[in-house]
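Let me begin by presenting the structure, written as structure tokens, before commenting on it.
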There are 2 protein chains.
Amino acid sequence: MTDKDRTISDRIQKQLDDMTRAERQLALSILENYPASGLGPLAALAKGANVSVPTVARMVQKLGYKGYPDFQTDLRDELGAIAKGPIAKHETWAGAAPSEHILNRFTDAVIDNIRNTLAHIDPAAFDRACALAADRDRHLYIVGGRITHTLAEYMFLHMQVIRPNLTHVQSTSNTWPHYLLNAAEGDVFIIFDVRRYENNTLKLAEMARARGAKIVLFTDQWRSPVHRLADISLTSRIIVPSAWDSLATPMLLVETMISAVQTLNWDDTKGRMQELEDIFDQTKLFRKFT
Amino acid sequence: MTDKDRTISDRIQKQLDDMTRAERQLALSILENYPASGLGPLAALAKGANVSVPTVARMVQKLGYKGYPDFQTDLRDELGAIAKGPIAKHETWAGAAPSEHILNRFTDAVIDNIRNTLAHIDPAAFDRACALAADRDRHLYIVGGRITHTLAEYMFLHMQVIRPNLTHVQSTSNTWPHYLLNAAEGDVFIIFDVRRYENNTLKLAEMARARGAKIVLFTDQWRSPVHRLADISLTSRIIVPSAWDSLATPMLLVETMISAVQTLNWDDTKGRMQELEDIFDQTKLFRKFT
DNA sequence: ACGGGCCTGTGATAAATTTTTCACAATTCT
DNA sequence: AGAATTGTGAAAAATTTATCACAGGCCCGT
């Protein structure tokens with residue numbers, strides 16, 4: 001037993017590989033809300049993990065404890081030890097690393113970006129953008145640039161399941177003018193443009209605008225020049241301790257929009273989602289919900 | 001009941017003055033090792049406080065609980081909330097929207113994912129992964145699946161600037177076996193695989209492994225089967241109130257790794273970035289940054 | 001100092017809950 | 001098909017909790 005196995009959490013994680021499905025399910029549940037969930041009654045823990053009572057009993061014994069109460073005692077001791085430690089310790093995300101570690105510095109920055117972004121966002125505008133993206137009568141164009149096309153494609157992949165009638169355009173390619181030939185009044189362009197802003201993207205936006213299309217823009221705090229043409233601009237803070245910017249926050253917004261649009265289109269999407277559920281079942285990670 | 005009474009600790013402290021000798025003795029004992037001591041059996045708590053069993057029973061009822069288990073439940077809930085960190089304390093992110101708005105619910109979930117992911121990550125393993133990714137002598141393969149290839153590509157785009165000698169492989173394409181022909185012992189595969197896990201990805205990993213390559217895996221909390229072949233697994237929590245999973249947290253890790261690798265290779269990267277700038281300037285792909 | 005009122009501990013017991021275990025069926029994996 | 005895993009339902013065992021009555025102690029005012 002090395003240095004790393006001091007906490008029960010570590011020990012559980014280490015054994016994760018050798019566990020069976022139900023055990024792993026249980027272990028993850030314990031880790032999920034650690035250590036509170038393990039301090040309640042055995043039956044509650046079992047229920048929370050969607051696992052049977054004997055499974056819990058069997059596992060704690062596999063972990064080397066005489067019984068569940070024994071396991072709880074260990075958990076409590078650990079909890080007590082933690083609380084006694086350097087309390088006022090500046091909060092670190094990866095507790096096992098010093099706060100100067102890049103993991104902590106970077107995460108700090110991203111959390112800060114998220115907080116700042118959400119604080120300044122206009123929920124009404126966001127909702128309008130979602131409504132536009134959900135409208136299947138409008139053709140939906142999703143446009144990304146050199147780096148942002150990964151975000152654009154990510155959105156495209158999901159929207160494809162949610163609704164028909166959409167196109168993924170890469171503004172850096174030289175084929176995008178072709179797409180615009182088909183753009184009609186009322187169509188929707190979701191455009192991604194963060195610094196350094198791309199001329200192609202701006203041109204594309206201008207032409208889209210000229211054809212009477214609606215423009216939803218994902219950009220950064222310094223705002224792409226496209227924002228003057230956009231009906232709705234969603235700006236994210238993207239600075240991190242790195243030579244590059246972080247797309248984590250824009251991605252959060254993208255995912256949120258996907259979720260919102262899917263809800264708006266739920267009636268129509270339900271069928272397709274059922275298929276996904278079936279595939280989901282095949283992963284055999286979970287019990288079926290009965 | 002005001003703002004200050006949110007935690008049980010606060011409530012107990014407030015009543016401290018009105019308590020009798022034995023009660024105060026008990027209360028201080030609870031506070032002494034909070035909340036661990038309150039989560040054990042009643043008798044143990046009594047003994048630890050040098051107080052009789054009925055005293056404990058009487059006091060928890062005075063505190064307004066139906067019984068000791070009731071009190072414990074409250075303590076556990078509080079512990080669960082605390083463990084989530086001050087950030088997750090039901091803060092509304094987009095202040096302009098109600099907390100039920102999807103923006104707030106989704107952000108809550110993502111922050112929670114980040115917190116949980118970072119809490120369980122092994123910084124040493126992360127550092128080793130970065131070192132592997134930074135090693136120019138090893139060819140670097142970046143592998144993504146159907147959805148995750150966007151993340152893979154995102155990483156690839158940045159790594160391209162940082163170091164030479166790398167390839168982006170899409171496991172869903174049927175061309176990947178060709179890439180493997182060139183893979184040599186000691187080469188590094190960064191593989192992305194979240195549920196639903198893809199057979200192609202697993203096969204690819206197996207072949208890479210067979211050729212003696214190192215494998216770094218980005219996966220979710222349920223862990224892709226690839227993790228058994230991986231030298232280093234970086235697991236993220238990815239659940240959000242949506243029909244899909246969130247790649248925001250894996251993306252955070254990716255960006256952090258990019259930043260770390262770039263620092264490791266900084267001497268060389270500096271020059272390459274400058275060249276890139278020059279090339280972009282020449283092609284006038286970008287507007288100049290003001 | 002004294003007595004009354006309150007608090008507290010003792011020891012015991014009943015009640016409630018929780019834990020443990022079992023055998024077997026159902027399911028999943030190989 | 002056979003082996004391993006997991007769930008079910010139940011019952012027994014163990015532990016924990018809630019209470020009780022009562023005695024001893026402490027504080028307080030007289």
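In what follows, chains carry the letters A, B, and so on, assigned in the order in which the sequence lines appear, proteins first and then strands, with residues in each chain numbered from 1. Worth knowing before you read on, the calculation uses all heavy atoms, side chains too, and leaves out hydrogens, waters and symmetry mates.
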Rounded to whole Å, please give me the gap between [atom1] in [X] and [atom2] in [N].
{"X": "A:Met19", "N": "C:dC29", "atom1": "CE", "atom2": "C1'", "value": "19 Å"}
{"X": "A:Met59", "N": "C:dT20", "atom1": "CE", "atom2": "C1'", "value": "17 Å"}
{"X": "B:Leu39", "N": "D:dT16", "atom1": "CG", "atom2": "P", "value": "14 Å"}
{"X": "A:Asp18", "N": "D:dA4", "atom1": "CG", "atom2": "P", "value": "17 Å"}
{"X": "B:Arg58", "N": "C:dC6", "atom1": "CZ", "atom2": "P", "value": "14 Å"}

Taking only N and O in the side chain of [X], is any of them less than 4.0 Å away from OP1 or OP2 of [N]?
{"X": "A:Gln61", "N": "C:dT20", "answer": "no"}
{"X": "B:Thr20", "N": "C:dC6", "answer": "no"}
{"X": "A:Arg21", "N": "D:dG7", "answer": "yes"}
{"X": "A:Thr55", "N": "D:dG7", "answer": "yes"}

_Under 4.0 Å, heavy atom to any atom of DNA chain D: which of residues 41-52 of chain B qualify?_
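Listed by number, they are B:Pro41, B:Leu42, B:Ala43.
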
*asked:* Let's see if you get this right: which residues in residues 63-73 of chain B place a heavy atom under 4.0 Å from DNA chain D?
replied: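 Only B:Gly67, B:Tyr68, B:Pro69 qualify.
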
_side chain to side chain donor-acceptor pair (under 3.5 Å) assessment of B:Gln72 paired with B:Arg76_ = CA-CA 6 Å; B:Gln72 286 187 314; B:Arg76 269 199 310 276; 4.9 Å; no

*asked:* With heavy-atom distances below 4.5 Å as the criterion, would you say the side chains of A:His168 and A:Met159 are in contact?
replied: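 In short, these two side chains do not touch, never coming nearer than 4.5 Å.
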
*asked:* A side-chain contact here means heavy atoms from C-beta on lying under 4.5 Å apart; do A:Ser259 and B:Phe106 qualify?
replied: yes

*asked:* Between B:His139 and B:Thr167, do the side chains contain a donor N or O and an acceptor N or O under 3.5 Å apart?
replied: yes

Pairs under 3.5 Å (N/O, protein and nucleotides 11-13 of chain C):
none

*What is the minimum heavy-atom distance between B:Leu45 and B:Ser37, and which atoms define it?*
CD1-O, 3.9 Å

*Starting at the 5' end of DNA chain D, write a dot or bracket for each base, bracketing those in Watson-Crick or G-U wobble pairs whose two distances are under 3.5 Å and using | for partners on another strand.*
||||||||||||||||||||||||||||||

*Distance-only, no hydrogens or angles: does the A:Asn104 side chain make a donor-acceptor pair with backbone N or O of A:His101 under 3.5 Å?*
no

In terms of ring plane angle, is the pair [X] and [Y] parallel, tilted or perpendicular, where the classes change at 30° and 60°?
{"X": "A:His158", "Y": "B:Trp244", "value": "perpendicular"}
{"X": "B:Phe71", "Y": "B:Tyr65", "value": "perpendicular"}
{"X": "B:Tyr141", "Y": "B:Phe189", "value": "parallel"}

*Interatomic spacing from CD1 in A:Ile8 to OH in A:Tyr34 - rounded to 0.5 Å*: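 So the gap between those two atoms works out to 4.5 Å.
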
*Roughly how far apart are B:Arg223 CZ and A:Arg24 CZ, rounded to 0.5 Å?*
7.5 Å

*side-chain contact (heavy atoms from CB on, under 4.5 Å) against B:Asn199, all qualifying residues, sequence neighbours excluded*: none

*Does the pair B:Arg115/B:Asp112 count as a salt bridge with the N-to-O cut at 4.0 Å?*
yes

*Contacts of A:Asn265 that satisfy side-chain hydrogen bond (donor to acceptor under 3.5 Å, both in side chains) - sequence neighbours left out*: none

